[in-house]
Amino acid sequence: MTYILRRLGFYLIAAWVSLTLNFFIPRFAPGDPASALQARFQGKLEPSAMAAMKVAFGLTDEPLHVQYFTYVKNLLRGDLGTSIAYFPAPVSEVIGKALLWTLFLAGLAVLVSFALGTLLGILTAWKRGSWLDSVAPPTFIFLGAFPYFWMAMLLLYALGFVGGWFPLLHAHSSHLSPSLSLEFIGDALYHAVLPAGSIVIASLGGWLLSMRNTMIGVLSEDYITMAQAKGLSERRVMLHYAARNALLPNVTGFGMALGFVLSGSLLTEIVFSYPGQGYLLFEAVKSQDYPLMQGLFLSITVAVLAANWLVDIAYVWLDPRTRS
Amino acid sequence: MSFFRQLLSNRKANIGLTLLGVFVLIATIGPYLVRDASEFLTTPLSPPDSEFWLGSTSQGQDVFAQTIVGARTSLLIGFLVGIVVVAIGATVGIAAGFFGGWVDDVLSLLTNVFLIIPGLPLAVVLAAYLEAGPVSIAFVLILTGWAWNARVIRAQTLSLRRKDFVAAAIVAGESRLRIMFFEILPNMTSLIVSGFIGATVYAIGAQVGLEFLALGDVSKVTWGTNLYWAANNQALLTESWWTIVPTGVCVALVGFALVMINFAIDEITNPRLRSEGGWKAVVRAAGVTPGFSTPVLRRGSLADSNALADSSAPALSKEAS
Amino acid sequence: MSSDEPTSTVQDTAVSSSPAARGETARAVDGEPPILRVEGLTKYFQVGGGLRPKQLRALNDVSFTLRRGEVISLVGESGSGKSTVLKMLSRLEQPTSGRILFKGRDLLAEEPRSASLSYRGQVQMIFQDPFGSLNPVHTVAYHLERPLVRHRKATTPEELRRKVLELLHTVGLNPPEEFAAKHPHQMSGGQRQRVAIARALAVDPDVILADEPISMLDVSIRMGVLNLMDELKRSRGIGYLYVTHDIASARYIGDRTIVMYAGHMVEGGSSEELLDSPAHPYTKLLLEAVPDPRGNIFRELPAKSGAPQLVDPPPGCPFAPRCPEVMDVCRRESPRPVQLRRRDPGAPERFVRCHLYEEDQAPPVGEALGEA
Amino acid sequence: LATLLPLTGCSKRKAPEHEPGVAVVVPSTRATWIRNFNPFFESQARWPAAAGIYEPLVIFNRATGEFVPWLATAWRWEDDNRTMVLTIREGVKWSDGEPFTPRDVVFTFELMKKFPALDQSGAWNRLEGVSAEGNEVRFAFKRPFVLPALYLLGERPIVAEHVWRNVDDPVKFSDPEPVGTGPFTRVLSFKTQVYELGKNPNYWQPGKPKLDVIRVPAFAGNEQQALSIIRGEVDWSAAFLPAIDRIFVAKDPEHHGYHFPSLEGTVMLYPNTQRPPLDDVRVRKAISHALERERIVRIAMQGYTRVADATAFSDLYARYHDPRVLEEEGDWTKYDVARAEALLDEAGLRRGEDGIRRLPDGRPLKLDLNCVVGWSDWIIAAQIMVKNLQAVGIDSTLRTYEFGAYFNRLQTGDFDLSISWSDGGATPFVFYQRLMSKDTVRPVGQAAESNWHRFSSARADELLEAFAAASDPEEQQRLASELQREYVRHAPTLPLFPGPTWGQYNTKRIKGFPTKDNPYAPLAPYKSPGHLLTLVELEPVTKASSGQAQN
Amino acid sequence: MSSTPPPAASRARPGEPLLSVRDLCVEYVTPTGPVRAVDRVSFEIGRGQVFGLAGESGSGKSTAAMAAMRLLQPPAVITGGEVHYEGRDVLAMGEDELRAFRWKEIALVFQSAMNALNPVLTVGAQIADVIERHENVSSAQALERAAELLALVGIESSRLRSYPHQLSGGMRQRVVIAIALALNPPLLFMDEPTTALDVVVQKEILQQIAELKERLGFSILFITHDLSLMLEFCDTVGILYAGRLCEVAPAKELFANPQHPYTRGLMRSFPELHGPKQRIEGIPGSPPDMRSPPSGCRFHPRCSVAIPVCDQEQPQLITLAAPALARAVGAETDTPDAPVGQQRGHRVACHVAAQTAGSSDV
Ligand SMILES: Nc1ncnc2c1ncn2[C@@H]1O[C@H](COP(=O)(O)OP(=O)(O)OP(=O)(O)O)[C@@H](O)[C@H]1O
Ligand SMILES: Nc1ncnc2c1ncn2[C@@H]1O[C@H](COP(=O)(O)OP(=O)(O)OP(=O)(O)O)[C@@H](O)[C@H]1O
Ligand SMILES: [Mg+2]
Ligand SMILES: [Mg+2]
C-alpha cells in the first residue's frame, strides 16, 4: 500500500513538472495568441481586430512568475481558464468531450493491440519455430515500422474511401447523439475501427516481441519444466504458469504504452478527424492558445499518470510478490 | 569485441545491417547521383516512367530524387538523436545507479518524470516554438527521448553495481569515474547499442511525424517533409500513390532494419531466445516430431565422428553378466 | 571484549602437517601490534523504507584482532553477518558504530568517508564468485595491471608486464603469457579465483579478506585454492580473514575460528579446540548438521532450524528461541562473552557468549561425534 | 472487428442522410465545435453568426465591388463629410418577435465602445458618437472618412438591445441561443462534430431563406474534408483541392463546380527598404524582374490564380485599375532576367568571381527570404523565388519560421525579403495606405501593424488624404490612378499574385450558387458577411429534378 | 496419507529393478557441434533404494536424470541407450503416455525450490493442480489432499494459501517435496534438493525425506556434488566424471575402498572436521571442457597414476572381483536377497584399477 501511495506522490511531482514546462515553453517563444489568430486567417484579420482580440483574451504584461502563480492558483481551484482558439469557451468545456473520445480511441487501440500482441506473443513463444513464429514477428515488426499516420492514411483511403466499408471521419454518425444505447456504442465502435486499427497495426509488433521474449525467458524456468512434468494440460501450463508470469513485465510496459498512445494518437486523430485531444492540442499550439494547451497537457498528463497508477495497482494485484 | 562478432554472425542482424547499410549508402552518396530534389522539373503528378522512376510530386519534383535525398537528413537526425540520447541516458543512468542515495533519487525522479510526461505533445509544443528545422527537431527528440535509456541503463547499472567486480575495483582503489566508465559501461555494450537503435527508431519515426505536422522546415527535403507535401497535396485523392508510398516504405524499411538488429541483440544477450534451429533440424532429420519431451534418436544420428570413436570400444554389454 | 589482550602465541600443538598448525603464525610474536583490530563493530541496515523504516541489525558488537600471518575463519549460517564484517573492513560499507584500528590507526576517525589509497593498498579482498569478481570485458592482464598502476607498483610498461607475469606465475597460472591474454570466461572457476588472488596480491597487501573464496568452486579444485592462500600466508606473512560456511575448511586453514550467529560472535577460539569441544549450543548444532559419510542420517539434531529475527530482535540471546538448553535468563539478557579454559594454554583465547558458561569453565569435551 | 459490421449495418453507409432542404456547409476546418454564436468575434463564432444569424447594415459585395443595402436601406454624408447617416430598414423583426429598431444599432455600437474587445474593426478609433433619429442612425466621425467608413461600420453585426442589455460580460458571452435578424437563427442541434441551424420563420426577406436547415460538420484535416467533398457529402465548401478538375469536378461534372475569384489582397514579396541595397528602387525592380511569377502561380498556386501586375491590385479593385499607368511607368513584374541583371549592374552591384554580386563595400549580396513554416503555397513560391534570385547573382536563402517568429520579424523590420499578404479592404485607400503612408511606418525594431517594408512618400500621403475625403466617384477614380502611378514608380513592394478565394459547390441537392458564369456574389463561405448574399439565394433542388440527378 | 494408494510395490516383479538405465547417451546440439553430456551411463535403482549420482558441476548428473524422465529441453537429444521403468520402455513412450507416466511413477524434486515454484500461484493451487489433473477428484478434495501433503512434510495447512515468496527456503523445498509426493510415486528424482540451503536446514530436510521414504517406501535417485552428503544418505553411489560413470559402489564400500583415482581425489578434497590436521591436495587441474573432452579416459590429464593406455582407450565399467573386495572391505559380498542396486557390487571404469584389483567376469 505504501508503494502505491509513494507512486502517487511521484505522480504529483511528475504532473507538476510537466505542467510547469508547459507553462513556460510557449511563453518563452515569440508571438502571442492574437498574432497566431492572424496566422490562422492568413492576414485577413484587420489589425484593429487583433488589438481588440488582445483585449478580449485578457493578455497581460505581468511578469511571468506572477502569471505562473496565478495559473497555479487557478488550477488548484479547478479553473483552467478560457480557451483562446475556442473563445470564449472555458478550457474545461473544450477538453471535456475530447478527452473521453481520446480515452476511448486510445484505450480501445491499446487494449486490442495489447491483447492481440500478447496472445500472439504467447503463441509464438509456445510454438517456437512453427510457421506462426517464423511469420508473425517479422511481419508485425515491418508493419509496426510504418509511421502511424501513414498507416492511418492508407487505411482511410483503401478501406474508407475506395472500399467505402468504413466511415471516413468522426467518432460517431452525425445523426446520433452520444448516449449509452446499443446503437450508439455500436456506431462509435464502427467509427473507431479504422483509427484504432491503424494504431493496433502499428503497435502490435512491439507487444508481440516483448511478450514473446519474456515468455521464452519464462519457458526455460524450472517451474515450467516442473509444471510440464506434473503432466498438467498444455493450456494450463501455457496460460497459468508461463503467460501469467511473462505478463508481469509487460504490464509495466502497458502503462507506458497507454501514455504513449494517448499522446501518440494525435496524428491518427488528425487523419481521421477524430474529435479527440490530439487535434485540439495541435490547434492549441498553432493558435498559441496557452490556456487550452495547459489544459490539454494537464488532462493528458493526468490520464497518463492515472493509467500508470492503475497499472501499478494491477501489478500489485497480479504479482503477489509486490503485495508484502 | 565478441558482442559485435556475435552480432555479425546472427542472421537477423545480418538482414538488418545489410538493409541499414544500403540506406546509409544511399544517404551518403545518393544525393550526388540524382537530380535536384527541390527543383520543379516536370509535369506535376506524372506517374512513374523511365525518366522519373517514381514519378513527380504535385509541384513536379522528382519523387525518386526526393526519396533519396530525404534519407540523408532523416537518417542523420535519427543517428544523431540516437547517439545523444544514449550518451545522456548512459551518463544519467550510470550516475544514478552507481552513486545511489540522493543522486539517484533526484536523477531517477527526473528520469521518471520525463518518461511519463506525454512525449509527443511535448514535442509538438516544443517544436512549434523553436526555429523550424532539423536541429530543433533533433533537440526536441533528444529532450523527450533520453529518459527511457536512462531508466534502462540505471536498472542495469544497479545490477552491475552489485557485482563483485565493482566492489573489487573499489577495493583496488579505483576512482569512481573510472569504475563508472571503464568497469560498468563496457558491460552494457549491448544495452547501449540497443538503446541507440531504439532511440534511432523513435527519432526517425517522431521526426517524420513532426514534420508531417509541418512542425519542421518543409522547405528542406526530408522523409517527413516528403510525406507532408504528399498529404498536403492530397496524394491519395489525386491517386498519386507514388508520392506517398516510396517514402513510407523507406521509413518502414529503415525501422524494420533497426528493429531486426535489436531483435538480434536480444537473442545474443539472452541465449534463451536463440533459435533452436540446429536442434530442430537434427530432430526432424531423424524423422522425429519435436514435442515437449526429449526426443530419442537412436544410434549415432549426431556427429558420426563421435559414434565412430565410441564404436572402437567394445560394446558395454560385455560387462553385463 | 577480551580478545584484545595481547596474549597468545599459537604453538604447534598437534604434530601434523596441516598448514594452519604448521605454525607460520608463530611469527606473530608477542608485543608486535596487531595489524587489524576491530572493536565493537556494529552495523544496522535501514530496511522497509517508507514512513517508518526499520533497522536490521546485521552486526552487533563484533570485536577481534588479526595479526600478521594469522588466519581467522568466520563461520556461521547464511545471513549471520559474515560478509558484512568484510564489507566494513574493506570499507565498502560504513559501520554504524565501532572502531577499526589498522596498524594502530583509528581508521574511521582518520578516513571517515572512504578509504585512502594507502589503506586500499594494504587490505585486499577476494570474493565468493570468481566469475562475478572479474570484469567479463577485461583481460586477465588488465585486471592485474590496474592495481599495479593505481598503486604505483610499476612505472614502466616493461615493469608492468613483468610484474603481471610474475603474479600469474605466483598463483600457478602457467604459462603466464597465455593466461594474461585471456578473458575471464575463457577460464575455469579455479583459474579465475587464482586470478582474483593474484589481483589481491598485486598491491602487496598485509591483509586479505576472503569471502567464501571456494564455495563456488568445484570440489576437486577447492583445495588447490585454499592451499595457495595458505602458501601466501606463509611466504608473505599475509593475515587473512576467511569467511566460510564450511566448518571443515575453516578449521583447515584458520588458526582461529569465530562462529557467528545473527550478527553476534557467539563463540571463538583456536580452530581445533573449538571444533573438538564446541561450547555454544549453536556451534554444536552446526557441527551436528555437517554431512558426515560415517554418520547416521537419522541422528537427531540438537535444535531445529529457523532464522533469527534481525529486525526488532527480542531481548536476550538471539539463539534462545531455538536453543535446546534455554534458560529464563537467556530470554532476558544478552550474554556477555566468557573466557573458557583452553586445553592448551598456549592456544588463542577461547570465548563463548552463552549463559551456560562461567569464566574459565572448561568447555564440554568431544561430545560432537563419537570419534575424534 | 468484423463482428461489428452487422451490428451497425453497411447499408447505412451508402447514402449519407440528406433530407431535402438541408445544406451541408463546410466554411472552415476545425476539429470540434464549441457552441459560440457571439457575432462580435467573427473569427471565433460559429458560422454564420456574424452574417446569417445576425446581420450587418450593409454588405460589400466583393464580386461586384458594390455595397448592398441590408439592415440599412440607404446612406448619405452630411456635415462636410463628417457624419454618415444610415436609414434603417423597417419591418424587420428579431427572431424572438421583437421589432428591430435604430436603437439596436446605436446600442450595438455603444456596446463596442464600452467593450473595446468587441470593436474588432476599430470603429471607435474614428467615431465620435452614434445616435438614432427616427429611422436613421447618425455616425459622427472625428475627421472626414468617406471612402472606408461604410465598410468599417456597415459590416458590423447588429445585436438586439433587449437581449444584450442583460448580458454581464458580452466579451465572454457565448450566446448559446442567439436572437438575430438573419435567415438562420434557430440552433436545432449542437454536437462537437456537427451543428444544425434552422431557418428563421420571420425572416424579413419574403420567401427566404429557401433552405430549411444548414448543417455544419467539423473536419480536423484537409484530407478528410476533401474526401467528403469529393464524395459529394458536402454541398458548399471552401477547401483547397489540388487538381480540382480531375479529383472533384470530374467525379460529377454535372453537379460539382468551383469558383476561385481573386477577391483578397495580393500576396507580395516585401523588401526591407531600410536595408541597403533594397532602399534602391532599381534593386527592387531588378528583383521583381527576376521573379518567375507565371511559374509561381502555376506550381505554388496550382494555377488557381493569376500573376499580379505592378499596380498590385487584385480583382477586388478592378474598378480602379488603370492600365495606362503600367504603360507609362513600365510593368516591372514581367519576368526579364536581362533587365534584372542590367538594373543590378546599374545599381553598382556587380558580380564577383563566384558569380555572386557584391555590395559597394565588397561584401557579397546576401538576401534571406522569410517564410512561414507549413504554409505550403508560400513556401513553394519562396523556393522558386530563391532560385530566381540566385540566378541573377543574389545569394539568397529561404528561412522558414514558425508564424509567431516570422510575424515578429516582419513587424519589427528584422528581415531582408519576406513573403506576406496585403490588405484586401473594400477600396484601394487602405490598401495603398498600408503600403505607402507615413502614418503606417514604424521605426525598425518597433512592431508595425502594416507597411512592414517601411516605405513612405510625401506624394502618396498627399494623395491618400485627398482620397479619404473624396466623395465624388470621378475624383476617387483619378486619385486612385495617381496612387497607382506612385506605387508603380517606387515599387515599394513586389506583388506576386492576387490571393484567390476558395469555394466549391455541389448542385445535386442545393442550387443557386454563384458560379464563374454568374458571379453574383463571392462563393467563398468564409467571406463574411459576403456569404450572406449567397446564403439567402440557395434553394433545395426539387424532388423531381433531384430524383433524376440521383440516378 | 490414508487416501493415497499404496506404493506400486505390489506391481513389482521380484528381482527386477524399478528403474534401469542402460548405456544412456545424451547430446546437446550446439552451434559448434554436438556435445555429449552423458555418455553410456548405466545404473539401476531397486525398490526402496536410494541411488546417488555424484560428480562435479557439469559432469552430467542432471542431464542423466532428466533424460531418464524425458524432461530435457532443446537442444538436448537422447542418442542412445535404454530406460526401463518396471519393464516399460520410457524412451519409446509417446507424449501423452509420458504425461500420464511422469509424476505418477517418477516425480522430480528440483534443485532450487524458488525456481521450481510458480511465483504467482499459491502453494495450495500448485499442489492441487497435479492431483486434479491425474486423479478424478474435485478441487475441494484436491485441496484437502494438498493440506495433508503439507502436513506430511511438516508445514501447517494454513500455508496452503501462501505464495512461494512468503515461505522460507526450507519451507519451499518441503513444498516441492510435497508436490513430488502428491501422487505417491514409487520413485523420486531429487536433483540437488538441498544445495541452496543452510546445513542445518539441509540436514532436517534430508532426515525428513529419509523418514518419508521409510514410511512410504519409495525409491530415490539422489543427485549432489557433495560426496559426504551422498555417502551419508545413499545406499549405492555412482560417480560421474565428464559424462561418464567412473565408479559405482555401495556407499559404505565406496567410502572405505574407493577405486577410481578420481573418487579417491574427491575423497581427499574434504578436510576433516576432527582429528589431526592434514594437508590435503584435492585434484590438480580442472574438469574438462565437455565440448572437447580428452581422449581415452577422460580423467587421465588430471590423473596422477595414469598409464599410457589411459589416453588411448576408454576404460569400461567393470565389476571388481569379489576377492578384491574382500581384500579391501572384509567379508561383505553379494547376497541373493541384497537390494538390486547392491547386487552388482563395486564397479569401476579405470585401466589402473582394473589391473591392480582384477575384474570378475562372472
Ligand atoms: N545492503 C543491505 N541492506 C539491508 N540488509 C542487508 C544488506 N546487506 C546485508 N544485509 C542483511 O544483513 C544480514 C547479514 O548479511 P551478510 O551478507 O553479512 O550475511 P552472510 O553471513 O555473509 O550470509 P551468506 O552466507 O548468505 O553470505 C542479512 O540478514 C542480510 O539480509
Ligand atoms: N543447453 C545446453 N547446451 C549445451 N550444453 C549443455 C546444455 N545444458 C547442459 N550442457 C552441458 O552438459 C553438461 C552436463 O550438464 P548438467 O547440467 O547435466 O551437469 P550437472 O552435473 O547437473 O552439473 P551441476 O552440478 O552444475 O548441476 C555440462 O558440461 C554442460 O555444459
Ligand atoms: Mg556472505
Ligand atoms: Mg545439475
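Quick note on labels: first sequence line is chain A, next is B, and so on, each numbered from 1.
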Mutual orientation of the aromatic rings belonging to E:Tyr262 and E:Tyr241 [parallel < 30°, tilted 30-60°, perpendicular > 60°] = tilted
Answer with side chain, backbone, both or neither: which region of E:Leu71 has an atom nearer than 4.5 Å to a non-hydrogen atom of chain B?
-> both
Would you say E:Arg298's side chain and E:Ala242's backbone share a donor-acceptor pair under 3.5 angstrom?
-> yes
Side chain proximity check, E:Met66 to E:Gln73, heavy atoms < 4.5 angstrom = no
Checking heavy-atom separations under 4.5 Å from chain E, one finds in residues 288-296 of chain B B:Gly291, B:Phe292, B:Ser293, B:Thr294, B:Pro295, B:Val296
Between E:Arg347 and E:Glu247, is there a side-chain N and carboxylate O pair less than 4.0 Å apart?
-> no
B:Val166 and B:Ile184, any side-chain heavy atoms less than 4.5 Å apart = yes
E:Ala92, E:Gly81, E:Gly33, E:Gly94: which one forms the most heavy-atom pairs within less than 4.5 Å of chain B?
-> E:Gly81
Is there a donor-acceptor contact under 3.5 Å linking the side chains of E:Asp311 and E:Ser295?
-> no
Report the option among E:Pro75, E:Ala67, E:Ala76, E:Pro74 that has the most heavy-atom pairs separated by less than 4.5 Å from atoms of chain B.
-> E:Pro74
Output yes when a side-chain donor or acceptor of E:Thr263 lies under 3.5 Å from a complementary backbone atom of E:Gln259, and no otherwise.
-> no
